[in-house]
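Structure record follows, encoded as structure tokens.
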Protein chains: 2
Amino acid sequence: MEKVVKTAGDLEARYDCLRLENQLCFPLYACAKEVVRHYKPFLDALDLTYTQYITMMVLWEKKEMNVKEIGKNLFLDSGTLTPLLKKLESKGYIKRHRSKEDERNLIISITPEGEALKDEALNVPSEMSKCICLGREKTDQLYGLLYELLEEFDKAK
Amino acid sequence: MEKVVKTAGDLEARYDCLRLENQLCFPLYACAKEVVRHYKPFLDALDLTYTQYITMMVLWEKKEMNVKEIGKNLFLDSGTLTPLLKKLESKGYIKRHRSKEDERNLIISITPEGEALKDEALNVPSEMSKCICLGREKTDQLYGLLYELLEEFDKAK
DNA sequence: TACTATTATATTGTATGCAATCCTTTTTAA
DNA sequence: TTAAAAAGGATTGCATACAATATAATAGTA
């Protein structure tokens with residue numbers, strides 16, 4: 001015979017999937033915020049925000065890029081990057097100028113001041129790794145899983 | 001004899017720690033944003049943003065909380081929560097009123113409309129898990145590592 | 001070659017996030 | 001029992017994020 005009357009437990013179970021502790025997204029969201037927050041004191045010393053910091057990071061590797069390329073690297077769009085790049089320019093770390101071959105492209109190039117900042121930033125990663133005391137193995141594991149997830153998202157596009 | 005003159009390779013190596021691909025934080029930051037972005041279509045149907053959604057989530061579990069408690073659960077402060085809670089109130093999902101025992105506390109309580117929303121939200125987690133196709137085992141692993149990291153941060157406080 | 005589609009960036013509007021500060025109420029302590 | 005400290009929220013200021021739209025330049029095409 002079928003059970004028709006649901007107990008309180010049955011009703012609760014239906015909603016288990018909506019419990020905060022059963023979400024994968026939430027610890028991801030919370031961790032990301034916490035890590036960025038922990039960067040702040042070190043980045044304050046460089047007069048950079050976290051987003052500005054990772055933008056400088058891609059420019060330290062490749063001295064000239066257009067906005068689109070930077071956006072692809074950082075998963076950011078022009079709505080975020082345009083004002084941010086103007087700010088970095090006002091700080092003297094980058095230059096913005098239109099490409100002569102294709103006027104649509106805004107070329108972002110790093111200045112000597114921007115290059116110099118790289119040396120001041122050298123201690124940031126080591127300071128941060130002191131905050132993320134997860135151990136080498138787990139850190140690597142986490143890193144791998146996150147990039148797998150990112151690739152899944154890329155594939156779905 | 002000591003090597004004094006540094007090769008280009010040596011110089012590069014010093015800066016390896018500043019490469020975007022060598023950061024743990026970056027995939028964390030990017031994943032979190034991507035996941036939240038994938039929630040959008042499902043949450044749009046409920047007229048909720050992601051932050052509003054997780055706020056409703058804690059209120060679905062515990063019908064009455066003050067702002068401080070909600071903030072502790074979500075890693076958010078009053079600067080974020082105050083306007084967000086006013087918006088949820090204007091949508092009719094919650095009520096805001098001061099505690100009579102301690103006027104400092106603002107009690108947030110869920111309304112019948114807020115409760116009803118829970119049923120409409122039931123399909124969101126399953127739809128989202130279709131997007132996060134990482135496999136059960138890796139998902140669990142990722143979940144575990146993220147909470148470990150969150151606890152590290154909590155300890156450091 | 002005009003006309004259309006596409007591409008790259010900029011702008012606008014809405015919603016966070018968080019540090020710093022302020023205001024009120026409550027608690028603590030001298 | 002008051003003055004000082006602490007606690008809970010609200011406000012302000014700054015910096016993202018991102019969707020949607022606008023604009024200008026280039027590419028593609030009938």
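Values reported hereafter were calculated over all heavy atoms of this structure, with side chains retained and with hydrogens, waters and symmetry mates removed. Just so we're on the same page: letters track the sequence lines, and every chain starts at 1.
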[N] OP1/OP2 closer than 4.0 Å to side-chain N/O of [X]:
X: B:Arg98; N: D:dA10; value: yes
X: B:Thr51; N: C:dT16; value: yes
X: B:Thr49; N: C:dT14; value: no

* Asked: Quick one: does A:Thr80's side chain have a donor or acceptor within less than 3.5 Å of a partner on A:Leu76's backbone?
  -> no
* Asked: Is there a donor-acceptor pair under 3.5 Å between the side chain of A:Ser99 and the backbone N or O of A:Ile107?
  -> no
* Structure fact -> By nearest-nucleotide position on DNA chain D, the 5'-leaning member of B:Asn105 and B:Pro83 is B:Asn105
Whole-Å gap separating [atom2] ([N]) and [atom1] ([X]):
X: B:Tyr29; N: D:dA15; atom1: OH; atom2: C1'; value: 11 Å
X: B:Glu89; N: D:dG9; atom1: CD; atom2: P; value: 14 Å
X: A:Asp47; N: D:dC14; atom1: CG; atom2: P; value: 14 Å
X: B:Asp44; N: D:dA20; atom1: CG; atom2: C1'; value: 13 Å
X: B:Leu76; N: C:dA15; atom1: CG; atom2: P; value: 16 Å
X: B:Lys40; N: C:dA15; atom1: NZ; atom2: P; value: 10 Å
X: B:Asp77; N: D:dA7; atom1: CG; atom2: P; value: 16 Å
X: A:Lys86; N: C:dT9; atom1: NZ; atom2: C1'; value: 10 Å

* Asked: Mapping A:Arg96 and A:Lys33 to their closest nucleotides on DNA chain C, which lands nearer the 5' end?
  -> A:Arg96
* Asked: When the nearest nucleotide of DNA chain C is assigned to A:Gly79 and to B:Tyr50 on a heavy-atom basis, which residue is associated with the more 5' position?
  -> A:Gly79
* Asked: Can a cation-pi geometry be assigned to B:Lys118 and A:Tyr15, taking NZ or CZ under 6.0 Å from the six-membered ring centre and within 45° of the ring axis?
  -> yes
* Asked: Is the base of C:dA8 touched by the side chain of A:Ser78 through a donor-acceptor pair closer than 3.5 angstrom?
  -> no
* **Polar side-chain contact A:Arg104-C:dT9 base: donor and acceptor under 3.5 Å** => no
* Separation of B:Gln23 CD from B:Leu18 CG (nearest 0.5 Å) -> 7.0 Å
Just checking [X]: base, sugar-phosphate only, or nothing, at a heavy-atom cut-off of under 4.0 Å?
X: B:Leu81; answer: nothing
X: A:Thr80; answer: base
X: A:Glu69; answer: nothing

* To do: List the steps and the verdict of salt bridge (charged side-chain N to carboxylate O under 4.0 Å, His left out) for B:Lys72 and B:Glu69.
  => CA-CA 5 Å; B:Lys72 202 172 292 174; B:Glu69 286 175 298; over 6 Å; no
